[in-house]
Protein chains: 2
Amino acid sequence: MNFFDENPITSADKCFIQLRNDIVKGSIEAGSKLSEPELSNKLGVSRAVIRESLNRLEACHLVESKANVGARVVALTAQGLIELYQVRESLEGMAARLAAVNMSDEEIEALHKLLSSHFETVKSDETYYQEAGDVDFHYRIIIGCKNNHLITILIDGIYHLIRMYRVQLGMSGPRVTTAFDEHKNILQAISNRDPDLAEMLMRRHIVYTRKSLKNKLIV
Amino acid sequence: MNFFDENPITSADKCFIQLRNDIVKGSIEAGSKLSEPELSNKLGVSRAVIRESLNRLEACHLVESKANVGARVVALTAQGLIELYQVRESLEGMAARLAAVNMSDEEIEALHKLLSSHFETVKSDETYYQEAGDVDFHYRIIIGCKNNHLITILIDGIYHLIRMYRVQLGMSGPRVTTAFDEHKNILQAISNRDPDLAEMLMRRHIVYTRKSLKNKLIV
DNA sequence: AACTCACATATTGTCGACAATATACTCTAT
DNA sequence: ATAGAGTATATTGTCGACAATATGTGAGTT
């Protein structure tokens, strides 16, 4: 029997992750066409592998494809950003609600420590917080909700699209410290096992973020 | 130039729809293995087409697959049902909220008429309402929210899984008339352009439904 | 009898080729 | 010169075959 049950990573997995990173990062630019033969050459795999990767990318809303025409990277639009954040508000609000009930005391304790360490970093370096810290905080609450459907939809489904908007529109700025306080309050509600308040605060937090993004989107 | 821009349906599309129906209906039973060669023979298409269909079914959470092992139809569990309905509560609540703002007066008027016709049917035949009427009501509100992300996640993503639970666990019974009243109240809130109330009523409606399902699930 | 290891079988992963469809181009007619 | 039709090219959709991995079977050992 194998002790190390390491899950095997297929070519399609690697291609999918590679392409996903390139798209989020912008190396493959938003709205551009994804030619199967071209990618096949570039990545050194067969078209079958590329096609499977593209299907998965479509499932997480990073590409759109039409039959007999092909796949394109999604376009980043103001409307799309708003719609995405409305979905996020809804789902992460529910995640916070469930986390207030389902997170273990250990997880909550660990999250307190994470926020403390963020506080130290915030004072010295603003950028770190926005790029990794915020993501990490939300990530832990999503995991803490213990609802596998919700986790899948958020992490596999829309998380990377959110990252794509953040990376390519360059999120950072004056919201850093206020966002930090909002995180603190959300965690407090979860610590108090108050689902209603946790959901409300998370939704407000996301609405605020959306509004601040909207301002910057004079693209 | 073609006048009728009918979108071409590929073999993979047809297979996907066929398999989806069979899974929802239970012809392919929950939890069973989906063998690629077997399906390939049965449906008379190549494995490539089957594989693409299976990938799409995985994207709507109707099958789960492991690398080098294969795909299985999802199992229907009490826990899964609860998780699914929590997601539904969150997303359809948001849909109702947005519908209160974004639905056109014409759409609202049409929905009033739909409910009236349901009322007639409810009095004579209970089953119709639960199977088609309820679905149709929710469907129209989802479309009415005008948020394409939300629409995609609900319709393409989890709608059919909900149907699968409903069909295979046999939903019907004493909730018919109370559910009808709840629909009426939700629509009233939307008519009044009251997003907060619309969301709250929709969420309650779904929570009630979940609880009544949970009672029947002594499976 | 139960366990382990090796082998045989079946299934999934990947590939290259052909068919069907869409796109780009050229040539003609107005 | 422009619009349209027809052809040429390229891309996507589908297929069958081979390679890699997992599953099932049976012999051999304790």
Side-chain angles (χ1 to χ4, degrees), chain A residues 1-20 22-23 28-59 61-75 156, chain B residues 1-20 22-23 28-59 61-75 156:
Chain A
M1 187 230 287
N2 275 344
F3 255 37
F4 298 95
D5 201 17
E6 67 221 31
N7 54 346
I9 296 187
T10 74
S11 293
D13 287 327
K14 282 187 280 191
C15 271
F16 167 64
I17 293 173
Q18 167 83 41
L19 289 174
R20 191 179 63 186
D22 289 349
I23 289 172
I28 301 175
E29 63 184 340
S32 63
K33 177 119 200 323
L34 292 165
S35 157
E36 293 180 6
E38 191 183 319
L39 291 174
S40 179
N41 282 333
K42 203 165 142 190
L43 301 182
V45 293
S46 78
R47 269 184 59 221
V49 172
I50 297 294
R51 282 174 70 83
E52 178 166 342
S53 303
L54 292 179
N55 280 330
R56 290 202 230 168
L57 289 168
E58 191 178 5
H61 308 279
L62 289 174
V63 320
E64 293 166 343
S65 55
K66 269 186 261 183
N68 292 315
V69 174
R72 307 193 77 91
V73 180
V74 293
D156 297 345
Chain B
M1 187 230 287
N2 276 344
F3 256 38
F4 299 93
D5 201 17
E6 67 221 31
N7 53 347
I9 296 187
T10 73
S11 293
D13 287 327
K14 282 186 279 191
C15 272
F16 167 64
I17 293 173
Q18 167 85 41
L19 289 173
R20 191 179 62 186
D22 289 350
I23 289 172
I28 301 176
E29 63 183 341
S32 64
K33 177 118 201 325
L34 292 165
S35 158
E36 293 179 7
E38 192 183 320
L39 292 173
S40 179
N41 281 333
K42 201 165 144 191
L43 300 183
V45 294
S46 78
R47 270 184 57 222
V49 172
I50 297 294
R51 283 175 68 83
E52 179 167 342
S53 302
L54 292 179
N55 280 331
R56 289 204 231 167
L57 289 168
E58 191 177 6
H61 308 280
L62 288 175
V63 318
E64 293 166 343
S65 55
K66 269 186 262 184
N68 291 315
V69 174
R72 307 193 78 90
V73 180
V74 293
D156 297 344

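Throughout, protein chains are lettered first and strands after them, A, B, ... in sequence-line order, and every chain is numbered starting at 1.
Looking at which nucleotide of DNA chain C each of A:Val69 and A:Thr10 is closest to, the 5′-most match is held by A:Thr10. For the pair A:Ser46 and A:Asn68, both in contact range of DNA chain C, the more 5′-proximal nearest nucleotide belongs to A:Ser46.
Rounded to whole Å, atom P of D:dG13 lies 13 Å from atom NZ of A:Lys66. If you take CZ of A:Arg47 and P of D:dC15, they are 14 Å apart, rounded to a whole angstrom. For the pair A:Lys42 NZ and D:dT11 P, the interatomic distance rounds to 15 Å; values are reported in whole Å. In this entry the distance linking CG of B:Leu54 with P of D:dT14 reads 14 Å, nearest Å. In this structure, CD1 of A:Ile9 is placed 15 Å from C1' of C:dG13, rounded to the nearest angstrom. Distance CD1 (A:Ile50) to C1' (C:dG13): 14 Å, rounded to an integer number of Å. Atoms CD (B:Glu52) and C1' (C:dG13) sit 16 Å apart, rounded to a whole Å. In this structure, A:Asn55 places its CG atom 14 Å from C1' of D:dT14, rounding to the nearest Å.
OP1 or OP2 of D:dG13 lies within a sub-4.0 Å distance of a side-chain N or O belonging to A:Arg51.
We find the CG-CZ distance between A:Leu39 and A:Arg51 to be 12.5 Å, quoted to the nearest 0.5 Å.
Taking the side chain of A:Val49 as heavy atoms from C-beta on, and the options C:dT12, D:dT12, C:dC15, the nearest nucleotide is C:dC15. Of the candidates D:dT11, C:dT12, D:dT23, D:dT11 carries the atom nearest the A:Pro37 side chain, counting heavy atoms from C-beta on. Distances were taken from every side-chain heavy atom of A:Glu36 (C-beta onward) to each of D:dT12, D:dA22, D:dC15; the shortest belongs to D:dT12. Each of D:dT12, D:dC15, C:dT14 was ranked by its minimum atom distance to the side chain of A:Lys33; first place goes to D:dT12. In this structure, the nucleotide among D:dC15, C:dT23, C:dT14 sitting nearest to the side chain of A:Ser11 is C:dT14.
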Show your reasoning for whether side chain to side chain contact (heavy atoms under 4.5 Å, CB included) applies to B:Ile50 and B:Ser53.
CA-CA 5 Å; B:Ile50 297 294; B:Ser53 302; 5.5 Å; no

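Other residues, nucleotides and ligands contribute more than 12 heavy atoms inside 6.0 Å of the NZ atom of A:Lys33.
Closest of all the heavy-atom pairs between A:Leu54 and A:Glu36 is CD1-CG, 4.0 Å. The shortest non-hydrogen separation linking B:Ala30 to B:Val73 is CA-CG1, 3.7 Å.
Backbone-only engagement by A:Leu34 is indicated by non-hydrogen atom pairs under 4.0 Å involving sugar-phosphate atoms exclusively.
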